[in-house]
Amino acid sequence: MTYDAQEIETRWQKEWSDAGVFEAEIDESKPKFYCLEMFPYPSGHMHMGHVRNYSIGDAMARFQRLMGKNVLYPMGYDSFGMPAENAAKKEGGHPHEVTHSNISSIRSDQERMGYSYDWRRFLATSDVDYYRWNQEMFLALNEKGLVERRMAPVNWCVDCDTVLANEQVKNNRCWRCGLEVVQRDMAQWFVRMTEYSDELLDELDNISFPENVKTMQRNWIGRSHGAHIDFPVVGSDSVIGAFTTRPDTIFGVTFVTLSPEHPLCEELCLGTEWEEGWRNLRDECARMSEFERINMLKEKKGVFLGKHAINPMSDEEIPIYAGNFVVSSYGTGAVMAVPGHDQRDFDFAKAYNLEIRQVLIEKGGSETSSPLKQAFEGYGPMVNSSVEGFDGLSGDEAKNSVIATLEKKNSGHGTVEYRLKDWLLSRQRFWGTPIPMIHCESCGIVPVPRENLPVELPLDVVFTEEQSGNPLESHNSFVQTSCPSCDGEAKRETDTMDTFYDSSWYFMRFCDVNNESTPFDRPAVDYWMGGGVDLYIGGIEHAVMHLLYARFFTKFTRDAGMNEVGEPFGRLVCQGMLNAPAPYCGDCNSEYHVDNFDLDCPSCGKPLSSRSAKMSKSLGNTVSPEEMISRFGADTVRLFILFGANPEAGMDWSDSALEANHRQMFSLIDGVDAALEFSDSASKIDDWLMSRLRANQKKWIEVMSDVSLREGVMISHFEMLSDWNWYLRRGGRDRITAMSFLHGWIPMLAPATPHIAEEFWKKLGREDLLAKFVIPVLQQDSNDIRVLALENYIKEIISSGRNLRALAERHSDNEITRIVIQTSPAWKSDLASEAISLHEAGFDFKEKGQSHVKSLEAFKDESTRGEVFQTWNSITIGGKKTRGRIHTWLEGERTLISEGINEVEVIKENSEFIASALEVDSIEVHSAGESEDVGGKARFAFPLEPGIAFV
RNA sequence: GCAGGGGUACCCGAGUUGGUCAAAGGGGCCGGACUUAAGCUCCGGUGCUUAGUGCUUCAUGGGUUCGAAUCCCAUCCCCUGCACCA
């Protein structure tokens, strides 16, 4: 058959679509499987990263359908966001048009790949019938007290002209544009995600995310147990609250450090000689760039603020400093400094000549009188406590007893701090969900009543390149409104929502996507989301952003009674990076654009080598999916992607590997074609083929269920083809056998290469669609192990015969025309068989093994004693331990031996095939001792390893 | 610095409850058979050696063991994330 991938693929895509085979409905009679990929931002065309993501998902969706599951496999677009807005400004259009033309382009790319989405469930978050539910749920959040508008120092990105959530700042840079963020004080909308901090953290123990994702989330939430301690300021009513995880070091506090932005700083030093120093420090910290800050980290810098505070435990007066290393946003922005037991405080104390006091000693150690060389940060018994009753306590006991005392004195309490902050939701951008709130002069901030939703984005907005800020602000008919509560003049909120809000619940909308009265009906969500999304595939880059927001949102909707589950995702698979070669300089450790191949390093001038690097526009090492599809077809691209590496592993793009996979397609086609000319001519090898099918199907289902797609494809597209070719070589030509084999095999080709599989299916004469087919799971036959082992025995004889033939030719002057095979002597087979049954019965060979065989004739004969041991079990020969053969036999081989296989008969039955495979005219076969030993080769014979001599 | 994951032959990659491991499978490369031809199929080679063996190998160095890619300890290197978080 000629292989016209374009024709075959588009034809079947149309048939599938016409038949609606991928449309899923609730069906309580079937187990469900919700297969989901992180939906894309529609930026023009599909790139290879998408192809990998969706090829994995589609293979799993198709596999689960074959296994009889009711599969929900939807696709949508995360279509709000800045790129569309920027494109609109550049081209003078409206983001709505830009977005929709991008969506249709990427959708047609996806369709061309043959992904089996239920397109009726299509959604785009920028469509009003999606984002109106964002608004409705925002009102619900508000009613639950989870929305808050407050002034806060926020991360501002000048380039994007908007604020960013903490999760969206990476290395002090905007996650999207890479520009450094600056701090601004602004009134902003927050979602109080921190209400769920504990559950978000604790539930990580019960969900099956990859370990690195869990770790990232744990670090991000950053729960620390400790104490809040109040340090009253001497001569003032003010109190400095400090958070510490180490209340057991309270007696070592020798000063207090505030962050330079701390509101008390000004109050403490205003109008004093210390004020100027503090202002300088604060300004310096505020304008520090990231680069400077990293350098500054090494140097602890601070100023005295002119006042003292009182340690509530010891009543000591200690100086108050402002220090550059204290972070204003964590804890209270104030630190009780314990230089003896905290390295940063130690460095600071050294720099400013402050007292360093040791109040803990190492367990079992003795009190040191000499000055500490560095802080001791471990745990140990308290010493030098200025109050009775603490010395000698250590660890949790010490902490608890300090906390108890503080609580009694009303000077502090045990508490928990989190690194996690509330979710800063508002954005000063146009292309997002309008926050449904109204500002009224007299009533304050009033939510838009539900019946007035949606608050729609106006379409009559003109975007120009010079424009800065949010065009909603100047859109009068949008802004001007009336107050829902007093009916007076009021203004709409012009901030829009972070787009991560859109993606925090889309997986629930997919369950009931066309619902026009609520975000989703509970029965639909409870059916599809039961146990969470069964398989969620996407990039690791969302480990703390999207995946954390979505988990929070699901907990909120659960508590609002909208759904049952509290964790949205069951199995999460983070696909690995897609790499391609890029020019690389080892000396400079940097990668360059592909234009630099064969050139010298632009920075050091040495010749560039090549190494594999993440596909990216900046390196220019991307590969266009469209080009690959048009050259090789979607099936080849899918096969390459799935076979190139397991989903989680990184994978290197390789043109030659892609071509090899294309050749594999031809091999498959040729293999299937061969079967169609068969007639009814049964032979022994038929049984073997069917046994292989059963064994392969079992293994395949096992690995595919575990998302080990590489292994799955290895079986379905490589091993089974090899089996098929072996069947043909062995003279298999039976139509009935071939038909049952192909009926078992072809469906297994469908997850990775669905189009060619469907084409094969039709060639079999099937009139139903393979896409609708459910695989009958085959029962293993009790004979399978024996049948497979016997064939393997023949393969082994041929394979060792081949190896030996080459050697024999070197040593023989005559032309080789025949071989003599001598099987193992009967006593070895008997002994082996006995050893196997004893081994299975748990016989202790080390203890009693030797005495057991000593009565054997072969043991008494010096020349065969070694062979006794080899056949028997592990034993010492010549001072060197060897293993008995029993340990190297597989299950099938042990079966053959215990059942007393007649090797001579088996070889005779197959002598013609063996002879042709080994290119000799004839084969003689004897059991050892039956005739003269040709060249003494029989002594190499063991059960299942006959001696072979070429003559 | 902290945390998580890694380092297996030319490359990718399996193997990690110790013995079935000179180490699956694939790719590449070299050579051969079949074929008008290839896109097929088949065979050989791809650490050194060899009538069926022996030697040296799984980042490095030690250790446990009759026996280690696999277990333990230390070291080096790579990736990812967080980072003065009190």
Side-chain angles (χ1 to χ4, degrees), chain A residues 2-3 170-171 210-216 218-220 222 224 226 242-246 249 257 293-294 296-300 323-327 329-338 342-345 347-348 417-419 540-541 543-544 577 612 643-646 648-652 654 656-657 659-671 673-674 710-711 714-715 718-719 722 725 728-729 800-812 846 874-876 879-891 893 917 919 935-937 940 945 947-950:
Chain A
T2 54
Y3 178 38
K170 308 267 159 192
N171 289 329
E211 214 42 53
N212 56 339
V213 174
K214 286 190 185 187
T215 307
M216 278 189 243
R218 283 193 190 106
N219 290 344
W220 190 262
S224 312
F243 173 74
T244 179
T245 54
R246 298 298 302 273
T249 62
T257 322
R293 235 184 70 211
I294 288 169
M296 290 282 298
L297 297 185
K298 292 172 193 135
E299 195 199 342
K300 301 281 176 289
N324 64 347
F325 63 99
V326 181
V327 178
S329 59
Y330 183 78
T332 60
V335 175
M336 65 174 218
V338 187
D342 182 288
Q343 192 56 43
R344 293 157 305 183
D345 296 339
D347 296 342
F348 192 86
E417 268 301 322
Y418 300 89
R419 199 178 158 279
I540 187 76
E541 65 273 20
V544 284
M577 297 280 182
S612 128
F643 186 59
N646 255 331
E648 283 99 339
M651 125 171 233
D652 290 347
S654 149
S656 58
E659 283 160 24
N661 282 290
H662 196 230
R663 284 200 296 275
Q664 191 70 17
M665 297 295 294
F666 285 106
S667 311
L668 291 165
I669 290 165
D670 286 353
D673 278 351
R710 200 186 115 84
E711 276 178 80
M714 173 98 91
I715 292 169
F718 291 83
E719 283 176 17
S722 301
N725 284 327
L728 299 177
R729 273 184 76 196
S800 52
R802 279 208 186 98
N803 289 334
L804 294 174
R805 186 191 168 100
L807 295 170
E809 275 170 351
R810 263 183 259 159
H811 291 258
S812 167
K846 265 186 185 159
S874 57
I875 216 79
T876 307
K880 208 182 157 180
K881 299 277 173 155
T882 68
R883 271 171 296 108
R885 290 288 206 274
I886 184 170
H887 291 287
T888 68
W889 287 318
L890 300 170
E891 188 192 4
E893 290 165 328
E919 297 171 55
K937 300 305 180 290
F940 296 107
E945 292 169 61
I948 300 171
F950 286 80

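Protein chains get the first letters and strands the later ones, always in sequence-line order, with residue 1 at the start of each.
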I need the [atom1]-[atom2] distance between [X] and [N], as an integer number of Å.
X         : N      : atom1 : atom2 : value
Glu711(A) : A24(B) : CD    : C1'   : 11 Å
His662(A) : C40(B) : NE2   : P     : 12 Å
Trp220(A) : A3(B)  : CH2   : P     : 19 Å
Arg663(A) : A38(B) : CZ    : P     : 13 Å
Met216(A) : A3(B)  : CE    : C1'   : 10 Å
Asp670(A) : C42(B) : CG    : C1'   : 14 Å
Glu719(A) : G26(B) : CD    : P     : 8 Å

Please measure how far the [atom1] atom in [N] lies from the corresponding atom in [M], and state the result in whole Å.
N      : M      : atom1 : value
C34(B) : G44(B) : C1'   : 15 Å
C2(B)  : U57(B) : P     : 34 Å
A38(B) : A24(B) : P     : 31 Å
A74(B) : G4(B)  : P     : 15 Å
C12(B) : G62(B) : C1'   : 32 Å
U46(B) : G25(B) : P     : 14 Å
C10(B) : A23(B) : P     : 16 Å
U20(B) : C55(B) : P     : 15 Å

With a non-hydrogen cut-off below 4.0 angstrom, is [X] in contact with a base, only sugar-phosphate, or nothing?
X         : result
Arg419(A) : base
Val326(A) : base
Gly226(A) : nothing
Arg710(A) : base
Ser224(A) : sugar-phosphate

Verdict with reasoning, Val335(A) to Phe325(A), per side-chain contact (heavy atoms from CB on, under 4.5 Å): CA-CA 10 Å; Val335(A) 175; Phe325(A) 63 99; 5.6 Å; no
Closest to the [X] side chain: [options]?
X         : options                : value
Met714(A) : G39(B), A24(B), A3(B)  : A24(B)
Asn725(A) : G27(B), C85(B), U41(B) : U41(B)
Val335(A) : G26(B), C42(B), A86(B) : A86(B)

Does [N] have a Watson-Crick or wobble partner in any strand here, with both distances under 3.5 angstrom, and which is it?
N      : value
G28(B) : U46(B)
C82(B) : G1(B)
C40(B) : none
U75(B) : A59(B)

Under-4.0 Å side-chain N/O to phosphate OP1/OP2 contact, [X] with [N]:
X         : N      : value
Arg344(A) : C85(B) : yes
Ser667(A) : U41(B) : yes
Arg729(A) : C43(B) : yes

Closest approach of Met336(A) to Thr244(A) (non-hydrogen atoms, all atoms of both residues):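 Taking every non-hydrogen atom into account, CE-OG1, 3.7 Å.
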Residues that Arg344(A) engages under side chain to side chain donor-acceptor pair (under 3.5 Å), provided they are two or more places apart: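 Arg344(A) satisfies side chain to side chain donor-acceptor pair (under 3.5 Å) with Asp342(A) once adjacent residues are dropped.
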Side-chain donor/acceptor of Arg710(A) to backbone N/O of Ala645(A), under 3.5 Å: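 A pair under 3.5 Å: no.
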